[in-house]
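Being a predicted model, the structure only gives us computed values, none of them experimental. What's counted below: heavy atoms across the whole structure, side chains too, no hydrogens, waters or symmetry copies. Residue numbers count from 1 along this sequence. For ligands, and for the atoms within them, numbers begin at 1 and follow the listed sequence.
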Amino acid sequence: MLKIITVFGTRPEAIKMAPLVKELAKCRGEIDCKVAVTAQHREMLDQVLALFEIRPDYDLDIMRRRQTLFDITCRALAGLREVFEAEKPGLVLVHGDTTTTFAAALAAYYLQIPVGHVEAGLRTRDKFSPFPEEINRRLTGALADLHFAPTANARRNLLGEGVRGENIFVTGNTVIDALLATVKPGYIFADPVLSRIDYENRRVLLITTHRRENLGGPMREIYQALREVVENYRDVEVVFPVHKNPAVRNVVSEELGGLDRVRLIEPLDYQPFANLIKHSYLVLSDSGGLQEEAPALGKPVLVLRGTTERPEAVDAGTVRLVGTGRETVVSETRRLLDDSVFYGKMANAANPYGDGFASKRIIQAIKHKFGISGETFEEFRPC
Ligand code: UD1
Ligand code: UDP
């Protein structure tokens, strides 16, 4: 029987791997599936594990306060070596572009275990943006044997780098599987801060920031821009679930602490967070996942970065790259608050990233490649 170990370590990987772990569990009898988490994130990972009721078989518990890239890489590589040596899987599945992703792919490669890369082929082609994710993703791609590309554009990137077409599968993004299973009509927030907001009469700006290249000055500018916006619009309310990174938290509280209509809250569980996107007017974020989720829910996103590896929603018109400069963030936000025609054009639901069946397709592809139950593969085509 094929033994698969699925590896992840941070919140976004967990959200995007959870639907696949659930789907793999249904293949008992054909596939033996185990889960190893590095816990590069601790609390933010545990939130997702609890929501999706995933109990890892291995938990390396590597997170340290203010950890460096060296810390994460060394701890993950050493810990996963032991897991893989003990389990001898036939395939290791990794996701995306984190340092856990890269270390897991490298550990598998050193032991000559095949690697399947979920969310493969996204590129900015800028080595330092996002940092270190662009290179993590490229290196993982170099180590991988099976490439699960979410979109046709990601496949083109891989083909352009010499990956053979027969090893690339366009599946859609599993984040849409997770999102569609989580956003519910009439959802009621349990958190009193969120349940007290008057969503009919207030325009909620949902904010997240965490990128390493934005730490320090760029984040300070973003927060100063937000401050200016909220002071000038009486009907605007900012909801900001603040990442656990102390380097983010310190600047957030210096620039936005104690302001009226600015709710600085702990990272939200995925269920309230996904439903909060649906209740928001606009999302401002340097997150990768939000660039995929918000368009699916018809919410404009201003991306607080200079580059994106997710051009599909930019092309669809629901996402704009605005960078981190204070003046630009203010003017782009004002435009969406003042110009309802412009807002309406951006607020169109677009779903270039998935249809809710990405996990099923990934399993189809694995079964197809490993000759399990004569499975064939049908690729994702956005409608
Ligand atoms: C990591 C990933 C990034 C991903 C992001 C998602 C790398 C190099 N970075 O960045 O690709 O987009 O996760 O959020 O792989 N912390 C806690 N509790 C938690 C999580 C983090 O206290 O549950 C704090 C710790 O002090 C930690 C710091 O946040 O040292 C930074 O975490 P780290 O994983 O190194 O970087 P992220 O910015 O979260
Ligand atoms: N998210 C969440 N709670 C929060 C903020 C974000 O569950 O308080 C989810 C969000 O919906 C998305 C993922 O976390 O699925 C994005 O994580 P993050 O921005 O940390 O990482 P990235 O996507 O940039 O790698």
Which residue and atom name correspond to the protein heavy atom nearest atom 13 (C) of ligand 2, and how close is it? I15 CD1, 3.8 Å
State the atoms of ligand 2, each with its element, that fall below the 4.0 Å cut-off from a heavy-atom position in P267. 8 (O)
Just need the protein heavy atom nearest to atom 38 (O) of ligand 1, so name the residue and atom and give the distance. H210 O, 3.7 Å
Within 4.0 Å of some non-hydrogen atom of R66, the atoms of ligand 1 are 26 (O), 30 (O)
heavy-atom search around atom 10 (O) of ligand 1 in the protein gives R212 NH1, 3.9 Å
Passing candidate, side chain to side chain contact (heavy atoms under 4.5 Å, CB included) with L302, options L336, V329, L205, L321: L336
for atom 19 (C) of ligand 1, nearest protein heavy atom and its distance come out as E43 OE1, 3.4 Å
Compute the shortest N/O to N/O distance between T10 and ligand 1 and return yes if it is under 3.5 Å, no if not. no
Do we get R335 above F342's six-membered ring, with its NZ or CZ under 6.0 Å from the centre and within 45° of the axis? yes
Taking only heavy atoms of L268, which atoms of ligand 2 are found under 4.0 Å from at least one of them? 2 (C), 3 (N), 4 (C), 7 (O), 8 (O)
Take E221 and T324 through the side chain to side chain donor-acceptor pair (under 3.5 Å) test and state the conclusion after the steps. CA-CA 7 Å; E221 287 211 36; T324 56; over 6 Å; no
Between R361 and E378, is there a salt bridge with N-O shorter than 4.0 Å? no
Polar-atom distance check: F273 versus ligand 2, any N or O pair below 3.5 Å? no
Would you call T124 and T308 a side-chain contact if the rule is heavy atoms closer than 4.5 Å? no
For ligand 1, which atoms have a heavy atom of M63 less than 4.0 angstrom away? 16 (N), 17 (C), 18 (N), 19 (C), 20 (C), 21 (C), 22 (O)
Set out, in order, the CA-CA distance, both residues' side-chain angles and the distance that settles side chain to side chain donor-acceptor pair (under 3.5 Å) for Y223 and E254, then state yes or no. CA-CA 9 Å; Y223 307 150; E254 279 169 32; over 6 Å; no
Would you please test T174 and S359 for side chain to side chain donor-acceptor pair (under 3.5 Å) and show each step? CA-CA 6 Å; T174 56; S359 307; 5.4 Å; no
For the rings on F84 and Y110, is their centre-to-centre separation under 6.0 Å? no
So the atoms of ligand 2 within less than 4.0 Å of a heavy atom of E293 turn out to be 10 (C), 11 (O), 12 (C), 15 (O)
Which ligand 1 atoms, with their elements, are less than 4.0 angstrom from a heavy-atom of I72? 35 (O)
Just go through R211, E133, M44, H243 and tell me whose heavy atom is the nearest to atom 11 (O) of ligand 1. E133
Record the part of A247 in heavy-atom contact with ligand 1 below 4.0 Å; permitted values are side chain, backbone, both and neither. neither
Is there any N or O on R11 that sits under 3.5 Å from an N or O of ligand 2? yes
Proximal atoms of ligand 2 relative to S287 (non-hydrogen, under 4.0 Å): 16 (C), 18 (P), 19 (O), 22 (P), 23 (O), 24 (O)
Working for salt bridge (Lys or Arg N to Asp or Glu O under 4.0 Å), residues R310 and E119: CA-CA 11 Å; R310 295 168 166 89; E119 202 185 72; 3.4 Å; yes
Between I5 and A36, what is the shortest heavy-atom contact and its length? CG2-CB, 4.0 Å
Nearest non-hydrogen contact to atom 28 (C) of ligand 1 from the set T98, N245, L69, D97 belongs to N245
Got an N/O contact under 3.5 Å between G288 and ligand 2? yes
Step-by-step side chain to side chain contact (heavy atoms under 4.5 Å, CB included) determination, I362 to L24: CA-CA 10 Å; I362 290 168; L24 278 168; over 6 Å; no
Atoms of ligand 1, numbered as shown, that sit under 4.0 Å from any heavy atom of R42: 19 (C), 23 (O)
Is L290 in contact with ligand 2, taking contact as a heavy-atom separation below 4.0 Å? no
Would you mind finding which of H41, Q40, R11 brings a heavy atom closest to atom 14 (O) of ligand 1? H41
Within reach of ligand 2, part of M44 (heavy-atom separation under 4.0 Å): neither
For atom 33 (P) of ligand 1, what's the nearest protein heavy atom and its distance? Q67 NE2, 3.3 Å
Below 3.5 angstrom, do we get any N/O pair linking R64 and ligand 1? yes
Taking 4.0 angstrom as the limit and counting only heavy atoms of Y270, give me the atoms of ligand 2 inside it, by number and element. 7 (O), 11 (O), 15 (O)
After noting the C-alpha distance and the side-chain angles of E237 and R263, does the key distance pass the salt bridge (Lys or Arg N to Asp or Glu O under 4.0 Å) rule? CA-CA 8 Å; E237 187 133 350; R263 315 279 168 222; 2.9 Å; yes
Ring centroids only, cut at 6.0 angstrom: are Y281 and Y343 within range, meaning strictly under it? yes
Give the atom numbers and elements of ligand 2 that come within less than 4.0 Å of a heavy atom of P241. 8 (O)
Any nitrogen or oxygen of N136, main chain or side chain, under 3.5 Å from a nitrogen or oxygen of ligand 1? no
Go through ligand 2 atom by atom and flag the ones less than 4.0 Å from a non-hydrogen atom of R211. 24 (O)
Quick one, N214 with D286, criterion side chain to side chain donor-acceptor pair (under 3.5 Å). Give me CA distance, side-chain angles, the key distance, then yes/no. CA-CA 8 Å; N214 282 349; D286 61 12; 3.2 Å; yes
Parallel, tilted or perpendicular: which fits the ring planes of H279 and Y199, with parallel below 30° and perpendicular above 60°? perpendicular
Can you check whether F357 and F380 have ring centres sitting under 6.0 Å from each other? no
If I take atom CZ from residue R137 and atom OG1 from residue T98, how far apart are they, to the nearest 0.5 angstrom? 9.5 Å
Quick one: does G289 get an N or O within less than 3.5 Å of an N or O on ligand 2? yes
Distance from atom 25 (O) of ligand 2 to nearest protein heavy atom, with residue and atom: P12 CG, 3.4 Å
Can you check side chain to side chain contact (heavy atoms under 4.5 Å, CB included) on E332 and R320, steps first, answer last? CA-CA 9 Å; E332 293 284 341; R320 282 170 70 80; 2.9 Å; yes
Taking all non-hydrogen atoms of both residues into account, name the closest pair between E213 and F131 and its distance. OE1-N, 3.2 Å
For P132, the ligand 1 atoms with a heavy-atom partner under 4.0 Å come out as 8 (C)
Kindly confirm or rule out an N or O of D269 lying under 3.5 angstrom from an N or O of ligand 2. no
the protein heavy atom lying closest to atom 8 (C) of ligand 1 turns out to be T99 OG1, 3.2 Å
Would you check whether T208 has a nitrogen or oxygen atom less than 3.5 angstrom from a nitrogen or oxygen atom of ligand 2? no
